[in-house]
Amino acid sequence: MALINEPTVRLVSRTHVDWDAVAAFLDDEDVPPVPESIRAGEDEAAAVIEISARICYMSYGKGRKDIADFVTNLLSKGDGSVFEHVNYGFMVTGVSRALTHELVRHRAGFAYSQRSQRFVNESDADFVVPPAIAEGGAGTEKARELLESAIEQSQNSYKALVSELYKVLPEEDFEATTDRRKAVRQAARAVLPNATETKIFVTANVRALRHFIEMRGAAFADWEIRKVALMMLRILQEEAPLLFGDFTISKLPDGTEIAAPIHSKV
Ligand SMILES: Cc1cc2nc3c(=O)[nH]c(=O)nc-3n(C[C@H](O)[C@H](O)[C@H](O)COP(=O)(O)OP(=O)(O)OC[C@H]3O[C@@H](n4cnc5c(N)ncnc54)[C@H](O)[C@@H]3O)c2cc1C
């Protein structure tokens, strides 16, 4: 059993533009070709937003010529729906079931695939230490000791329950071995704590991600999910500065960080 102090967030998928198809569309519509019609250049995320926004008024080759100005105008007017065309996929690991329970409350524009506690054996699971008592925090030794001992007890109870449940759920009651295994694990997981480590694949569009980061990057959010929201934000600010550049990150007196956008809930 390992105790995890830091989550891991990896950006693994993004939206791409098929420039040949876009060029064919512009040609069909008898409007200027890509460089004059689409000002985003090689910034594919901004390009998708520009292409989708310009179709509303068929403004290819007209109007705002600067892509930063174009995107900021959409954000400031709250024209949020065009931001739904760009998606990012993250693999998030080293996080607790407590965090993912909060994460999956974000419904609109999100897709999730999470490690199953029914299919996967949790006998050797790892556990996440809440940031308030993560390694290195001065004076938190006693709290960590209490946490470790509670986790150890839970994991021992899980293992004992698994072996007991195999005795009381006989093989002949199940059509397949996997059904019996699931029945055992789904009952035994009752004693696993919120701190149990999990892994989740999260895909979301830019509008949804902006809302998520605003809600979960705020001071009133739990420290663990706040950390993940800020990790995502830092990745996205690098990846798509025009779409996430209006968020600023600052430090609270307790040492934790928060994020807030200029353009709220577009
Ligand atoms: C600090 C904090 C504390 C919280 N504490 C609790 C708590 O104690 N208990 C609890 O149950 N939850 C709690 N939540 C969760 C919260 O209530 C939301 O479920 C969660 O933040 C997801 O927000 P959302 O619904 O805006 O997001 P999404 O589900 O992603 O929705 C985004 C937006 O789409 C619109 N929308 C989505 N679904 C609908 C719909 N069905 N009908 C109409 N409009 C819709 C809304 O405008 C919504 O804001 C907490 C959240 C935070 C940030």
Side-chain angles (χ1 to χ4, degrees), residues 6-7 9-15 45 48-49 52-53 56 71 74-115 117 128-134 189-190 192-196 198-237 239-240 242-266:
E6 282 294 324
V9 176
R10 295 183 174 94
L11 175 63
V12 294
S13 68
R14 47 176 71 77
T15 301
V48 170
I49 284 161
S52 59
C56 301
V71 170
L74 292 171
L75 286 172
S76 62
K77 283 196 305 183
D79 283 348
S81 62
V82 292
F83 293 89
E84 293 171 17
H85 296 296
V86 176
N87 283 268
Y88 292 100
F90 293 93
M91 292 184 93
V92 181
T93 58
V95 290
S96 69
R97 292 286 289 199
L99 178 143
T100 56
H101 184 74
E102 294 185 345
L103 175 60
V104 300
R105 294 296 305 277
H106 293 267
R107 304 154 288 171
F110 274 86
Y112 303 103
S113 301
Q114 180 169 12
R115 169 185 158 116
Q117 288 190 326
V128 174
V129 181
I133 55 168
R189 69 176 167 171
L192 290 171
N194 266 336
T196 309
T198 187
K199 304 170 200 304
I200 191 163
F201 194 123
V202 189
T203 304
N205 68 55
V206 168
R207 187 184 205 180
L209 281 165
R210 286 183 56 93
H211 178 59
F212 166 74
I213 294 165
E214 182 174 356
M215 300 289 291
R216 302 298 178 171
F220 46 81
D222 181 282
W223 290 8
E224 189 191 359
I225 199 166
R226 180 140 48 95
K227 197 177 251 197
V228 166
L230 267 83
M231 288 170 90
M232 284 183 178
L233 175 61
R234 285 193 163 98
I235 293 171
L236 291 166
Q237 284 190 322
E239 177 77 20
L242 291 181
L243 312 186
F244 294 92
D246 64 313
F247 279 87
T248 48
I249 296 174
S250 55
K251 227 175 188 152
L252 293 177
D254 61 22
T256 64
E257 291 182 317
I258 53 167
I262 294 174
H263 308 292
S264 178
K265 200 176 188 197
V266 295

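Numbering of residues begins at 1 and proceeds along the displayed sequence. First listed ligand is number 1; within each ligand, the first listed atom is number 1. Computed from a predicted structure; not experimentally measured.
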Problem - Residue among His101, Gln114, Gln117, Arg115 satisfying side chain to side chain donor-acceptor pair (under 3.5 Å) with Thr198 - result: Gln114
Extract all N/O-N/O pairs under 3.5 Å that connect ligand 1 to the protein, and present each with both atom names and the distance rounded to 0.1 Å.
unit_1: ligand 1; atom_1: 11 (O); unit_2: Arg105; atom_2: NH1; d: 2.8
unit_1: ligand 1; atom_1: 12 (N); unit_2: Arg105; atom_2: NH1; d: 3.1
unit_1: ligand 1; atom_1: 19 (O); unit_2: Arg105; atom_2: NH2; d: 3.3
unit_1: ligand 1; atom_1: 21 (O); unit_2: Arg216; atom_2: NH2; d: 3.2
unit_1: ligand 1; atom_1: 25 (O); unit_2: Arg107; atom_2: NH2; d: 2.8
unit_1: ligand 1; atom_1: 26 (O); unit_2: His211; atom_2: NE2; d: 2.7
unit_1: ligand 1; atom_1: 29 (O); unit_2: Arg105; atom_2: O; d: 3.4
unit_1: ligand 1; atom_1: 29 (O); unit_2: Arg107; atom_2: N; d: 2.8
unit_1: ligand 1; atom_1: 29 (O); unit_2: Arg107; atom_2: NE; d: 2.7
unit_1: ligand 1; atom_1: 29 (O); unit_2: Arg107; atom_2: NH2; d: 3.3
unit_1: ligand 1; atom_1: 30 (O); unit_2: Arg107; atom_2: N; d: 3.0
unit_1: ligand 1; atom_1: 30 (O); unit_2: Ala108; atom_2: N; d: 3.3
unit_1: ligand 1; atom_1: 38 (N); unit_2: Arg107; atom_2: NH2; d: 3.3
unit_1: ligand 1; atom_1: 47 (O); unit_2: Lys265; atom_2: NZ; d: 2.7
unit_1: ligand 1; atom_1: 49 (O); unit_2: Lys265; atom_2: NZ; d: 2.7

Handout entry: Value rounded to 0.5 Å, distance of CG in Leu230 from CZ in Arg234
Key = 5.5 Å
Problem - side chain to side chain contact (heavy atoms under 4.5 Å, CB included), paired with Leu236, selected from Leu209, Leu243, Val206 - result: Leu209
Which side-chain N or O atoms in residues 81-93 pair as donor and acceptor under 3.5 Å with protein atoms at least two apart or in another chain?
unit_1: Glu84; atom_1: OE2; unit_2: Arg207; atom_2: NH1; d: 2.5
unit_1: Asn87; atom_1: OD1; unit_2: Asn205; atom_2: N; d: 3.4

Problem - Lys/Arg N to Asp/Glu carboxylate O, Lys227 vs Glu6, below 4.0 Å - result: yes
Exercise for the section: Please confirm whether the backbone N or O of Leu103 pairs with a side-chain atom of Tyr112, one donor and one acceptor, at under 3.5 Å? Expected result: yes
